Amino acid sequence: MNAAARPDLSVSFAGMAMPHPVMVASGCFAYGEPFAPFFDLSKLAGIATKGISPEPRAGNPAPRIWETPAGMLNSIGLENVGVEAFLRDKLPFLADLGVRVWVNFFGEDFDGYVACARALDRGRAHIDVLEMNVSCPNIEKGGIEFGMVPEVAHDLVRACCAQTAIPIVVKLSPNASDNVAIADAVRAAGAAGVSLVNTITGMAVDVRRRRPRLATTYGGLSGPAIKPVALRIVHQVHRALPDLPICGMGGIRSGEDALEFLMAGASCVQIGTANFAEPTVALRVLDELSALCVDLGIDRLAEVVGCLEPWPPEPPWEETPP
Amino acid sequence: MNAAARPDLSVSFAGMAMPHPVMVASGCFAYGEPFAPFFDLSKLAGIATKGISPEPRAGNPAPRIWETPAGMLNSIGLENVGVEAFLRDKLPFLADLGVRVWVNFFGEDFDGYVACARALDRGRAHIDVLEMNVSCPNIEKGGIEFGMVPEVAHDLVRACCAQTAIPIVVKLSPNASDNVAIADAVRAAGAAGVSLVNTITGMAVDVRRRRPRLATTYGGLSGPAIKPVALRIVHQVHRALPDLPICGMGGIRSGEDALEFLMAGASCVQIGTANFAEPTVALRVLDELSALCVDLGIDRLAEVVGCLEPWPPEPPWEETPP
Amino acid sequence: MKRAVPTPAEPTHRSRPPRCGPPAFFAARLSAHRELTGGYFELSFTYDEGPDLRGVVPGAFVMVRGSWDADPTGPRAFSILDAPEPGRVTILLKVYGRGTARLAALRPGAAVSLTAPLGRGFSATTAGGPRRLLVAGGVGLPPLHLLARRAAQAGLAGAVTMIYGGRDADDLVLVEPLRACGVEVVLATEDGSAGVRGRVTAPLAERLDAAAAARTPVEICACGPEGMLRAVRSLALARRVPAQLCLEANMACGFGACLGCAVPVYGPRPYRYCCTDGPVFDAREVRW
Amino acid sequence: MKRAVPTPAEPTHRSRPPRCGPPAFFAARLSAHRELTGGYFELSFTYDEGPDLRGVVPGAFVMVRGSWDADPTGPRAFSILDAPEPGRVTILLKVYGRGTARLAALRPGAAVSLTAPLGRGFSATTAGGPRRLLVAGGVGLPPLHLLARRAAQAGLAGAVTMIYGGRDADDLVLVEPLRACGVEVVLATEDGSAGVRGRVTAPLAERLDAAAAARTPVEICACGPEGMLRAVRSLALARRVPAQLCLEANMACGFGACLGCAVPVYGPRPYRYCCTDGPVFDAREVRW
Ligand SMILES: Cc1cc2nc3c(=O)[nH]c(=O)nc-3n(C[C@H](O)[C@H](O)[C@H](O)COP(=O)(O)OP(=O)(O)OC[C@H]3O[C@@H](n4cnc5c(N)ncnc54)[C@H](O)[C@@H]3O)c2cc1C
Ligand SMILES: Cc1cc2nc3c(=O)[nH]c(=O)nc-3n(C[C@H](O)[C@H](O)[C@H](O)COP(=O)(O)OP(=O)(O)OC[C@H]3O[C@@H](n4cnc5c(N)ncnc54)[C@H](O)[C@@H]3O)c2cc1C
Ligand SMILES: Cc1cc2nc3c(=O)[nH]c(=O)nc-3n(C[C@H](O)[C@H](O)[C@H](O)COP(=O)(O)O)c2cc1C
Ligand SMILES: Cc1cc2nc3c(=O)[nH]c(=O)nc-3n(C[C@H](O)[C@H](O)[C@H](O)COP(=O)(O)O)c2cc1C
Ligand code: FES
Ligand code: FES
């Protein structure tokens, strides 16, 4: 261990080399442009775009956001420009940055997912990963999210993988009771990895006006509040499926947060909500991660992925001390 | 609306009259005694005891708690004195207070639950509710919690209800993907109501020592961080099953928090984690609730249970303004 | 769920408010902290590196966050009250909830982070233009205060009238500096403790009537609570008077990244964004 | 999962540390705030209503929380350094993480809530008793500092020796007041910048050897980081010297409500509680 040397922060995710593990999360970085005034975006390992659907979507009524203790609720409603406008107007900007482009996508029904994957395949020269968001309500199956039932998720992922040569990483919902089963199902269906986690469904109440704080009643909870839940799911999935690449996220806003996710089993991480308060947060996280490696004597960051050890057992209990 | 009058804070839960809705939550008030030095416990509407099992339990190795952003993780391990010692040593103290006694209980397997309900029935003269915690890992069914699958929960609740004349209120886990289905199943099995919610499973990592912060790796997340999730589940269950009495909890630490839960559909509330930082928090919440009723012109608190209205729709969109 | 939405092209505007320069994110410190009446605070932030905000459009805002831990998570939006010199910006803050309470409790010297300049503001007051009725309610004062002072600096103090309302006399702040630069200020309080008793809409309606009678072209510039803005909008639409409204929305970022601050509008798309398309909107455009 | 546990009766102790009175929860304000070297702060809290803590047992602690919003959620435990008069209590705080950082940043006058007195402390120093070797590491100083001053007040300064270790000279605070009341203080620093170079265990072992040679009965009272306490415990057990260890545990409540602060022990039950059974434990009892 040579603490003076610059630590090697490179990681690999599903066979893809990355200079370091710090990406930015879908829906929290738009299509990149709003952040261009703040810093050189090519310093990011990658950008996950706002979720793209086959047709443009206007999003949900206002108000769409509400802050909660150490977190926020959003019901943006998956507003996006639609796949055609994305490929035409947004992808070129991203492609020019030279960072890994993860295009987050979804459909409003089974066929919508498939159509979207097929359409995005046309951008394959500039797209590194299709990050498939399975947290949308499945209208055909009574509104339950596609990502809640392993079999449903499996079939959907398989159909999408058949449409494209771009690796598909499936982004799972922390609302599911058994993420290991779902991760296993999507792995079997051909997913190159999983992104863990999306937002947890929540709500807040305006007691004065006797109505929910969000126009849609429910929204997705993100930010530091959910970090313990996200870490738990990353660890559970990594422990059960150690070969499945994981991109971890949920409340990351420091280098130490990022390292927690890596040690729990994520090969790379995404920063979401923290971009809003601090548009340059990814650079700070990267700097802190580097400094922390020096501090902790980590020469190669890739080596700590999933390195957590369980606690040593306590000495056995006896009535009289030995 | 007479703002000057003292508001009527009484509520009824499953036919049981309560002077006001503010109780304290299981595992956060022990068996009451540690709080006796701080205030007159008879001012509480009720006390939910630490979870009781058929046999005493020593609990989990240390460390058992860790603080997270606006929340805490615990892995106490359902430590308790066991049902016999509870009935003998702890129940008399609670019975003397004249508050509603909710005995939280669980078993380590199906028979354990049933045995515990039967044993607790012997205390029926002093027990108002058996609050059944179905968040324990079901060892027979591969370690998945009893409360995750509607059929499993149904059978367990029915078997316990058959053991006792004390109303059983089932405490559900926010880890389940569909709490409405589980609430419906336990209602059908004879539950008098539901307590929503228990802790969300989470973890935290000590990056310096490369191990989890808790000796058991995972723990339950509670506190303000989870309030949005708890509120959402209360609202979902209330909307789907408006006649099922709900006791709401998760991150409550102010009168306004309590009112949020009532408006979302809870008939009464429990305060958990906040008791640790502020042993007299229940009194403050009660005072604030009363003041808020005056402020908002609420004469009878019971009337606002589940009163939330959805947002009015926006005027329809048109290209040119009307 | 699904709405038909035209492929997004930059929407055409009838009155597109002027935009500030590109935003920067920078460190600053609280340099002055003055408590006014009514729970208002005037806070000044100074910084060594960051944009010169002197030329900022009235209505432009800054996102402010203290250098604290996880809670509150997000920054809060504040209209720029003044930017008297490079490296300095002033806001008027009213304690409302958690974020504003924590900011108000900061001590001089405290580190904060700012994102600014943000938003599109009110158009400039012009010599030959319509007479401007500035309607400010409560914490909606700052952008109009800046607008009025700008007009006065340009020798146009006579072209603007400030109609400023609040709950009571304590709720009305920074009135003297306006009068000192020659701006007519009409006060309205709900309890009548200062100016006329009642809401700002009454003096506004009076002025609109007078202008209509005298055939003087007028324009409304308003900022305040949503209820007030709705009333102002109704008045303006009914009388066909142009009105620019400075809106509020819950904001997570302030610079177009979260899409949280949607404002329902008429036009090519159902929503526009308070932070990047506003906060100033044409009253006719707002879908209320 | 399941362990056989005897039905819980109040466990019998070989050395049950003395307990303070019943705890109270009360409002206080920060009345003095003094920054020492090494990131240490001495904080004084004053209060109008609350327990008189003057007679508190050394090792007793107070849970402190600022009057802030949701984060950090819980209070933090601090050993009582001093309670010079009714309505006043002093702690020595080292900034470690989020909670201590926020407490250290409070300004005099800030409102806090306290829960105190809590815990069972060290037994009192007695005239005919064994010579006491007080072993303090870093922020473990306060209870032993109080113990030493109490001994001095009782005319027993000569019966105690303080062995106090830290990283460097800056990491050692409040040494002069001890020496001033006649207590022998042996310093140890890892970098040798004050006292002997190395850990406290070296001077401790020396003293134990000397005592063994002289057949002087000695007793260890120790408080500090877990690593230090483990080393002290090994030394004490190996030499059959009685030792009282003041432990730390993650605490949510401090008064026996959460069962979070479990300490693995030998005895009738596998765990006891740092807050209500400790923080002072007999070294033999601790299951490490
Ligand atoms: C463009 C703009 C300019 C503003 N200018 C000023 C000003 O000059 N002076 C002033 O005192 N206040 C101003 N505000 C309002 C100020 O940002 C709010 O007082 C503040 O957001 C409420 O925050 P809080 O933390 O006190 O309240 P909380 O109760 O903590 O509420 C904050 C929550 O409210 C939501 N929220 C509600 N209203 C707003 C809002 N308007 N903006 C952002 N989040 C909101 C947030 O999502 C957050 O969840 C402005 C707001 C906007 C959008
Ligand atoms: C009986 C007792 C006496 C203490 N006396 C002093 C003292 O006199 N001076 C002093 O500076 N410090 C003292 N401490 C330690 C002080 O409470 C810790 O520094 C503090 O808890 C760490 O909090 P933090 O917010 O700075 O760190 P964070 O990084 O925020 O860590 C706090 C987290 O650590 C956990 N944690 C870790 N160690 C502890 C702990 N020991 N107690 C509570 N929570 C812990 C908590 O669960 C919480 O999640 C004492 C602790 C105990 C238990
Ligand atoms: C405003 C907002 C919009 C989001 N939009 C999307 C989206 O379109 N697709 C998606 O997969 N996740 C979306 N997310 C989830 C984030 O990508 C991320 O998974 C989540 O917020 C947790 O990370 P964080 O706590 O760092 O924000 C969104 C989150 C926020 C806050
Ligand atoms: C330390 C601790 C112990 C708990 N023990 C139990 C328990 O024994 N049985 C149970 O049903 N819930 C238990 N809970 C869950 C609480 O009763 C409550 O449902 C949860 O903490 C959410 O409320 P809160 O955020 O107000 O704490 C425990 C919670 C904590 C923090
Ligand atoms: S506040 Fe984020 S887009 Fe406007
Ligand atoms: S800290 Fe809660 S029981 Fe000890």
Side-chain angles (χ1 to χ4, degrees), chain A residues 58 61-63 66 68-71 73 144-145 148 173-178 200-212 214-219 221 223-232 235-236 251 256 259-264 292 296 304 307-311 313-314 317, chain B residues 58 61-63 66 68-71 73 144-145 148 173-178 200-212 214-219 221 223-233 235-236 251 256 259-261 263-264 292 296 304 307-311 313-314 317:
Chain A
W66 184 253
T68 66
L73 289 166
I144 297 189
E145 295 172 18
M148 301 303 257
S173 162
N175 296 321
S177 45
D178 185 357
I200 308 180
T201 309
M203 84 179 276
V205 173
D206 182 342
V207 298
R208 281 167 190 80
R209 303 206 275 179
R210 299 190 180 192
R211 63 188 187 196
L214 299 180
T216 50
T217 303
Y218 306 132
L221 183 64
I226 73 165
K227 194 182 72 165
V229 180
L231 274 171
R232 180 260 301 177
H235 189 260
Q236 283 177 326
E256 186 169 331
L259 194 53
E260 284 194 66
F261 276 87
L262 296 173
M263 288 186 173
L292 205 50
L296 302 183
V304 305
C307 74
L308 281 198
E309 294 287 339
W311 277 66
E314 292 168 348
W317 170 63
Chain B
W66 183 253
T68 66
L73 289 166
I144 297 189
E145 296 172 17
M148 302 302 256
S173 161
N175 295 321
S177 43
D178 186 358
I200 308 180
T201 309
M203 83 180 277
V205 173
D206 182 341
V207 297
R208 280 167 190 79
R209 303 206 276 179
R210 299 190 180 192
R211 63 189 188 195
L214 299 180
T216 51
T217 303
Y218 306 133
L221 183 65
I226 72 165
K227 194 183 71 166
V229 180
L231 274 170
R232 181 260 299 176
I233 294 175
H235 189 260
Q236 283 176 326
E256 186 170 330
L259 195 52
E260 283 193 68
F261 275 87
M263 288 186 172
L292 205 49
L296 303 183
V304 306
C307 75
L308 280 199
E309 294 288 338
W311 277 68
E314 292 167 348
W317 169 62

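No experiment lies behind these values; they were computed from the predicted model shown. In the text below, chain A, chain B and the rest are named by the order of the sequence lines, each starting its count at 1.
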Handout entry: A/Ile200 side chain reached by B/Arg232 side chain, heavy atoms, under 4.5 Å
Key = yes

Fill in the blank from the handout: Note: vs chain B, highest number of non-hydrogen pairs under 4.5 angstrom among A/Thr216, A/Leu214, A/Ile226 is A/Leu214

Practice task
Would you mind checking which part of A/Leu231 comes under 4.5 Å of any heavy atom in chain B, side chain (CB onward), backbone (N, CA, C, O), both or neither?
Solution key: both

Exercise for the section: Answer yes or no: is there a side-chain heavy-atom contact under 4.5 Å between A/Lys227 and B/Thr68? Expected result: no

Completion exercise
In terms of heavy-atom pairs under 4.5 Å with chain B, the winner among A/Thr201, A/Leu259, A/Asn175 is A/Thr201

Practice task
Using non-hydrogen atoms and a 4.5 Å limit, figure out which bit of B/Ala62 sits close to chain A: side chain, backbone, both or neither.
Solution key: both

Fill in the blank from the handout: Closest non-hydrogen atoms of B/His235 and A/Thr217, given as atom of the first, atom of the second and distance, are CE1-CG2, 3.7 Å

Problem - Residue pair A/Val205 / B/Glu260: nearest heavy atoms and the distance that separates them - result: N-OE1, 2.8 Å

Exercise for the section: Counting only heavy atoms closer than 4.5 Å, note whether B/Leu73 contacts chain A via side chain, backbone, both or neither. Expected result: side chain

Problem - From B/Asp178 atom CG to A/Glu145 atom CD, the distance as rounded to the nearest 0.5 Å - result: 11.0 Å

Exercise for the section: Please report the shortest heavy-atom distance between A/Arg210 and B/Val304, naming the atom on each side. Expected result: NH2-CG1, 3.7 Å

Practice task
Would you check if A/Leu292 and B/Arg208 make a side-chain contact, meaning some heavy-atom pair closer than 4.5 Å?
Solution key: yes

Problem - Greatest number of heavy atom pairs closer than 4.5 Å to chain A - which of B/Gln236, B/Arg209, B/Arg211, B/Met263 - result: B/Arg211

Practice task
Taking the side chain as every heavy atom from C-beta outward, state whether B/Ile233 and A/Met203 have any atom pair closer than 4.5 Å.
Solution key: no

Completion exercise
Max heavy-atom pairs within cutoff under 4.5 Å with chain A, candidates B/Pro313, B/Pro212, B/Ser173, goes to B/Pro212

Completion exercise
Ranked by heavy-atom pairs below 4.5 Å to chain B, first place among A/Ala215, A/Ala70, A/Gly223 goes to A/Ala215

Exercise for the section: Check each atom of B/Leu221 against the heavy atoms of chain A and say whether the ones under 4.5 Å are side chain, backbone, both or neither. Expected result: side chain

